[in-house]
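Report on the following structure.
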Amino acid sequence: MSEASLLASQLWSQMPRVGGTRTRRRRKAKGDAKKRRLSDEQVRFLEMSFSDERKLASGRKAHLAAAIGLDGKQVAVWFQNRRARHKNKQLEEAYLKLKLEHEAVVIEKCHLENEVLQLKEKLLEAEEEIRKLSWSVNGGNLGSSFSTVGLQPTLGEFGMEEEAELAITDEYDFHNYTMEWTNPYGI
DNA sequence: CTTCCCTAATCC
DNA sequence: GGATTAGGGAAG
């Protein structure tokens, strides 16, 4: 508190240039005394208080204001702006984290898709093998009992070709989505 | 009342 | 040009 008076020596360091330069007040020229930077000491006090509690009870506001020689309103405004800054920082961190997670998932998806392709290939090979074996076991013309419920209907039921097309379509959409997602603010 | 949001004004 | 201080309005 005693420091406050010492700090107060350089409070309103600058006043708006009323003289030569243009000083349009925003919408209202309420009197003619506003704005200017807070001193380092004031900011340090405010930062300490903010780390204690990011919202202001009116009692603390008045106390703080008196301690560093500011309006209660200025303290309130400072806290609001500080909260906004903090929120933006958090948001950006969350975004970065999400982006990393997303990239990891994209990679995993890619691996899984490759795995699916390989498995499908193996499936085809295995079916080919079965066909050969059944042919050699049953002979050429006895295969009818097997072939009526044979492999082609099975393929049809599982919808292999349609699945493949869908997979390609999915991947296309997904990549478009990825590009937009990694660039939400155009940065 | 207070807080949030948008954004103008200002400083560096 | 980004960071900071403020004004004004909406929402609670």
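Note that the coordinates shown come from a computational prediction; the quantities given were computed from them, not determined experimentally. Residue numbers begin at 1 in each chain, while the letters A, B, ... track the order of the sequences.
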Could you tell me the separation between the [atom1] atom of [X] and the [atom2] atom of [N], rounded to a whole number of Å?
{"X": "A/Lys73", "N": "C/dG7", "atom1": "NZ", "atom2": "C1'", "result": "7 Å"}
{"X": "A/Gln42", "N": "C/dT4", "atom1": "CD", "atom2": "C1'", "result": "13 Å"}
{"X": "A/Asn88", "N": "C/dT4", "atom1": "CG", "atom2": "P", "result": "12 Å"}
{"X": "A/Leu70", "N": "C/dT5", "atom1": "CG", "atom2": "C1'", "result": "11 Å"}
{"X": "A/Leu38", "N": "C/dA3", "atom1": "CG", "atom2": "P", "result": "18 Å"}
{"X": "A/Leu46", "N": "C/dT4", "atom1": "CG", "atom2": "P", "result": "13 Å"}

Residues which pass side chain to side chain contact (heavy atoms under 4.5 Å, CB included) with [X], listed by chain and number, not counting sequence neighbours:
{"X": "A/Glu129", "answer": "A/Leu133"}
{"X": "A/Glu121", "answer": "A/Glu125"}
{"X": "A/Arg83", "answer": "A/Phe50, A/Lys55, A/Phe79, A/Gln80"}
{"X": "A/Glu101", "answer": "A/Lys97, A/Leu98"}

Strictly below 4.0 Å: does A/Lys55 bring a side-chain N or O up to OP1 or OP2 of B/dC4?
yes
Using OP1 and OP2 only, check whether a side-chain N or O of A/Arg85 sits under 4.0 Å from C/dT4.
yes
Heavy atoms within less than 4.0 Å of DNA chain B: which residues of residues 77-84 of chain A have one? Give them sorted by number.
A/Gln80, A/Arg83
Under 3.5 Å, is there a donor-acceptor pair between the side chain of A/Arg54 and the main chain of A/His86?
no
Could I get the full list of side chain to side chain donor-acceptor pair (under 3.5 Å) partners for A/Arg82, not counting sequence neighbours?
A/Glu47
Under the side chain to side chain donor-acceptor pair (under 3.5 Å) test, which residues partner A/Arg85, sequence neighbours left out?
none
Measuring from the side chain of A/Lys87 (C-beta onward, heavy atoms only), which nucleotide among B/dC4, C/dT4, B/dT2 has the closest atom?
B/dC4
Taking the side chain as every heavy atom from C-beta outward, state whether A/Glu103 and A/Val106 have any atom pair closer than 4.5 Å.
no
Check whether any side-chain heavy atom of A/Leu38 lies under 4.5 Å from a side-chain heavy atom of A/Leu46, and answer yes or no.
yes
Produce the list of close N/O pairs, under 3.5 Å, pairing protein atoms with atoms of nucleotides 10-12 of chain C; give distances to one decimal.
none

